[in-house]
Q: 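This is the structure, below, for whatever I ask next.
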Amino acid sequence: MAMLDFGGTEEKVVLRKEFPLKKALETLKDETIAVIGYGVQGPGQSMNLRDNGFNVIVGQRKGGASWDKAVKDGWVPGETLFPIEEAAAKGTIIQYLLSDAAQIEVWPKLKPHLTPGKALYFSHGFGITYNDQTGIHAPEGVDVILVAPKGSGTSLRRMFVAGRGLNSSYAIAQDATGRAYERVIALGIGVGSGYLFETDFKREVYSDLTGERGTLMGAIQGIFEAQYDVLRSHGHTPSEAFNETVEELTQSLMPLVAENGMDWMYANCSTTAQRGALDWKDKFRDATKPVFEDLYNSVATGKEAKRSIDSNSQPDYRVKLEAELKELQDSEMWRAGRTVRSLRPENN
């Protein structure tokens with residue numbers, strides 16, 4: 001384990017060179033990893049583990065679209081693909097990767113298979129942190145661990161295939177066997193993490209829910225809409241408004257930020273852009289910080305968890321969600337986006 005200094009604050013991190021794949025495979029050589037759920041994180045994590053040489057099986061509801069997707073991805077019914085309870089019975093490490101709402105629903109069926117010595121693995125701290133609402137209380141005798149890739153399962157898989165790694169956090173909520181640390185790090189390496197940084201279940205879910213609702217998804221879409229609407233209301237065309245709001249950011253500027261940071265991106269823009277960005281960044285910070293404080297408080301008090309559980313458990317949730325996403329898809333901004341993307345050189 002390395003200690004890295006982040007501007008005066010030290011953090012524990014695990015690098016792949018410190019815990020190489022060979023060591024991870026040796027650590028879990030006698031384990032069967034049962035990946036429960038084949039939705040957002042399940043495919044990427046399970047296929048990366050499989051390609052890295054671990055003993056992996058998948059548990060999924062039989063007959064649904066996710067079951068069929070698993071079959072297409074090479075999981076064999078009766079050999080490496082099983083109904084959820086059967087996979088949980090076979091696994092010594094149970095990766096509980098169903099959606100938060102589905103975890104609540106399936107938990108009574110899964111819990112009996114958490115016998116002493118097994119490990120219960122999460123990629124989100126939601127179920128354990130808000131267990132007063134979810135009812136997910138891990139039994140004694142099992143390790144309770146977490147590896148949370150900082151991105152979608154699709155990104156995790158794409159980066160793995162490209163020979164890269166997606167950074168992940170890790171946490172241990174219960175070390176019943178004395179092996180929880182080596183198990184969680186081996187799994188983190190196995191699923192394709194770039195490096196692993198230490199957290200706990202509560203901090204993971206607080207930061208994750210804040211980020212999703214904030215700069216990763218909610219805030220960025222809100223800012224996109226605000227700028228696009230202002231440009232359009234002042235006579236700019238859809239193409240111009242979209243390019244100046246989204247396309248230039250995602251295709252030109254964010255890759256520079258990813259490469260060397262925001263300061264380096266600034267340094268590689270015009271002096272006019274630099275001056276304007278530096279002059280206006282504090283105004284945007286001051287305007288949005290109270291919103292982020294409100295958001296964090298909503299997460300910390302469990303309000304966001306309750307809202308998610310209440311809405312996601314409704315029988316018509318999926319229908320309502322599809323309607324909301326369709327409205328977003330059909331908005332002028334994202335219709336303009338489809339046209340702009342189709343005109344990229346690689347698409348012509």
Side-chain angles (χ1 to χ4, degrees), residues 39-41 43-44 149-167 192 194 207-289 291-292 295 321-348:
V40 177
Q41 284 289 336
K150 297 298 103 180
S152 70
T154 300
S155 298
L156 181 72
R157 180 61 179 170
R158 286 178 178 175
M159 293 178 74
F160 177 86
V161 171
R164 301 164 59 201
L166 186 65
N167 299 332
S207 61
D208 189 72
L209 293 184
T210 300
E212 289 170 347
R213 287 149 179 76
T215 60
L216 301 180
M217 295 176 68
I220 196 69
Q221 173 62 22
I223 291 171
F224 282 167
E225 289 179 7
Q227 179 169 304
Y228 182 89
D229 289 348
V230 166
L231 289 173
R232 289 288 288 125
S233 70
H234 287 278
H236 298 272
T237 66
S239 178
E240 185 169 54
F242 186 85
N243 273 283
E244 292 294 345
T245 300
V246 179
E247 189 76 352
E248 186 173 352
L249 174 69
T250 59
Q251 299 302 300
S252 174
L253 300 184
M254 281 298 105
L256 297 182
V257 176
E259 189 174 342
N260 275 312
M262 186 68 81
D263 58 327
W264 193 77
M265 185 269 277
Y266 277 21
N268 283 273
C269 292
S270 71
T271 55
T272 301
Q274 292 170 9
R275 184 69 269 144
L278 291 168
D279 287 346
W280 278 87
K281 72 174 181 65
D282 290 355
K283 294 182 181 181
F284 281 107
R285 180 199 63 207
D286 294 345
T288 58
K289 191 172 182 181
V291 180
F292 281 101
L295 166 58
L321 174 65
E322 292 299 330
E324 289 182 274
L325 294 177
K326 185 72 164 54
E327 182 180 355
L328 191 64
Q329 180 186 44
D330 290 343
S331 67
E332 184 191 88
M333 180 171 68
W334 292 112
R335 283 188 284 111
R338 288 194 290 276
T339 301
V340 170
R341 288 193 297 275
S342 72
L343 297 176
R344 290 175 187 166
E346 65 268 24
N347 295 325
N348 285 297

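Fair warning: this is a prediction, and the values are worked out from it, not measured in the lab.
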Q: I need the minimum non-hydrogen distance between Gly214 and Leu295, along with the two atoms involved.
A: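 Distance-wise, the nearest heavy atoms are N-CD2, 4.1 Å.
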Q: Side chain to side chain contact (heavy atoms under 4.5 Å, CB included), that's the test. Do Asn243 and Glu248 meet it? Break it down for me.
A: CA-CA 6 Å; Asn243 273 283; Glu248 186 173 352; 5.9 Å; no
Q: Does atom CZ of Arg341 have more than 12 heavy-atom neighbours, drawn from other residues, nucleotides or ligands, at distances under 6.0 Å?
A: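 Counting other residues, nucleotides and ligands, CZ of Arg341 exceeds 12 neighbours.
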Q: Working note: Thr339 + Phe242, criterion side chain to side chain contact (heavy atoms under 4.5 Å, CB included); need CA distance, chi angles, decisive distance, verdict.
A: CA-CA 10 Å; Thr339 301; Phe242 186 85; over 6 Å; no
Q: How about CE on Met254, more than 12 heavy atoms from neighbouring residues, nucleotides or ligands closer than 6.0 Å, or not?
A: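 Correct, the count exceeds 12.
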Q: Compare every heavy atom of Gln41 with every heavy atom of Gly153, then report the nearest pair and how far apart it is.
A: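 Heavy atoms only, the tightest pair is N-NE2, 3.4 Å.
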Q: Going by side chain to side chain donor-acceptor pair (under 3.5 Å), Trp334 matches just one of Gln221, Gln329, Glu225. Which one?
A: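 Running side chain to side chain donor-acceptor pair (under 3.5 Å) over Gln221, Gln329, Glu225 with Trp334 returns exactly one hit, Gln221.
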Q: Please report the C-alpha distance between Tyr266 and Leu278 in whole Å, then the side-chain angles of each, then the deciding distance to 0.1 Å, and finally whether the side chain to side chain contact (heavy atoms under 4.5 Å, CB included) criterion is met.
A: CA-CA 9 Å; Tyr266 277 21; Leu278 291 168; 3.6 Å; yes
Q: Surrounding CZ of Arg164 (heavy atoms of other residues, nucleotides or ligands, distance under 6.0 Å), is the total greater than 12?
A: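 Incorrect, the count does not exceed 12.
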Q: Within a radius of less than 6.0 Å around CD of Glu327, do more than 12 heavy atoms belonging to other residues, nucleotides or ligands occur?
A: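 No, not enclosed.
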Q: Is there side-chain contact between Val246 and Tyr228, with at least one heavy-atom pair below 4.5 Å?
A: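 No. Closest side-chain heavy atoms not under 4.5 Å.
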Q: What's the shortest heavy-atom distance between Leu253 and Met265, and which atoms?
A: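 What the structure gives for the nearest pair is O-CG, 3.7 Å.
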Q: Determine whether Glu244 and His236 make a side-chain contact, defined as any pair of heavy atoms from C-beta on separated by less than 4.5 Å.
A: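 Side chain of Glu244 against side chain of His236, heavy atoms only: no contact under 4.5 Å found.
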Q: Strictly below 4.0 Å, N to O, side chains only: are Arg232 and Asp229 in salt-bridge contact?
A: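 No, this pair does not count.
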